[in-house]
Amino acid sequence: MAERRTFSDEETRVEARRLYDLGMGCNAIGREIGIVPSAVSAWAKREGLKFDRSKVIAANKANAADLEQKRLRLVSKMADVAEDALDSLDAPYLVYNFGGKDNEYRDEVLDAAPMDARRTAVTMAGIAFDKASRVIERETDVSGATSVLGALQAGLGAVVAALDQDTPPDEQDG
């Protein structure tokens, strides 16, 4: 186990002061030098130092912005995967299985995806659409999100149209 440092040695105090002078917060200094934040706070109080809360607030805002960007990238990736899945439904589709007493491999290429694969793709696209919608509701600038939603809407519309074509006319609504 690593040795715990304390403020009893001069080297630790010098390093903590250097980090403080760089504008680091109490928690960051503690992580950097291996001392619990409460000890850093007590040291700063003894030294007459105060941590600038405005820097902490700014760092929290920057972190929140970074997380929002990650969420947007993730939603975009989800939308891309869902769109690819929807686009592949009418392409040749490989089905395979292992089975029988000899555990034989068999495969077959179908003209299009079977109904269970279609259902899965539509469900996946619906979930991606829902997640994108929720992220977009929190955005103030929705210009980038509009294209994601438009792509998802077009993909879902194409799947619904294809599924309607597979349904006999007397079973369709309307």
Side-chain angles (χ1 to χ4, degrees), residues 1-2 4-5 15-44 49-96 110 112-167 173:
M1 188 162 102
R4 290 294 286 180
R5 295 176 71 181
E15 179 65 5
R17 181 58 192 241
R18 184 185 72 78
L19 297 173
Y20 175 85
D21 290 342
L22 289 173
M24 291 179 73
C26 182
N27 291 334
I29 292 172
R31 276 191 304 274
E32 186 73 24
I33 63 176
I35 295 179
V36 296
S38 60
V40 174
S41 180
W43 162 79
L49 305 174
K50 294 187 187 279
F51 288 100
D52 183 0
R53 301 296 294 167
S54 65
K55 290 180 182 178
V56 172
I57 292 168
N60 286 341
K61 286 181 180 178
N63 188 39
D66 291 345
L67 288 174
E68 187 62 26
Q69 287 300 313
K70 288 179 182 180
R71 271 194 290 284
L72 290 173
R73 282 194 307 271
L74 182 59
V75 165
S76 179
K77 288 178 180 183
M78 288 172 58
D80 290 345
V81 169
E83 189 173 0
D84 289 346
L86 292 174
D87 289 346
S88 71
L89 293 178
D90 293 319
Y93 193 89
L94 175 68
V95 293
Y96 61 91
L110 304 176
M115 190 54 69
D116 63 329
R118 290 175 175 277
R119 187 178 312 112
T120 300
V122 170
T123 300
M124 181 174 42
I127 291 169
F129 182 82
D130 181 60
K131 298 300 180 192
S133 297
R134 289 182 187 184
V135 168
I136 290 166
E137 287 173 1
R138 290 196 320 251
E139 270 191 333
T140 55
D141 176 20
V142 296
S143 59
T146 304
S147 63
V148 172
L149 286 177
L152 282 172
Q153 183 179 14
L156 286 172
V159 169
V160 169
L163 290 174
D164 283 346
Q165 290 175 358
D166 291 344
T167 306
D173 291 332

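Computed from a predicted model, the values in this text were never measured in an experiment.
- Judged as a side chain to side chain contact (heavy atoms under 4.5 Å, CB included), and not counting sequence neighbours, the contacts of D116 are P114, R119.
- Here the CG atom belonging to L19 is positioned 11.5 Å from the CZ atom belonging to R31, to the nearest 0.5 angstrom.
- Side-chain atoms of L72 and Q69, non-hydrogen and from C-beta on, do get closer than 4.5 Å to each other.
- When atom types are taken as modelled, the side chain of S133 and the backbone of F129 share a donor-acceptor pair closer than 3.5 angstrom.
- Residue R18 holds its CZ atom at 8.5 Å from CE of M24, rounded to the nearest 0.5 Å.
- Taken from CE in M78 to CZ in R73, the straight-line distance is 15.0 Å, to the nearest 0.5 Å.
- Note that the CZ atom of F51 and the CD1 atom of I29 stand 4.0 Å from one another [nearest 0.5 Å].
- In this structure the side chain of R17 reaches within 4.5 angstrom of the side chain of L49, judged on heavy atoms.
- A39 approaches I35 most closely through the heavy-atom pair CB-CG2, 3.4 Å.
- Note that OG of S41 is 9.5 Å distant from CG of N27, once rounded to the nearest 0.5 Å.
- Looking only at side-chain heavy atoms (C-beta outward), D90 and R118 come within less than 4.5 Å of each other.
- When all heavy atoms of P37 and C26 are compared, the closest pair comes out as O-SG, 3.1 Å.
- The two residues L156 and L86 make their nearest non-hydrogen contact at N-CD1, 3.9 Å.
- Between the Y20 side chain and the K50 main chain, a donor and an acceptor come within less than 3.5 Å of each other.
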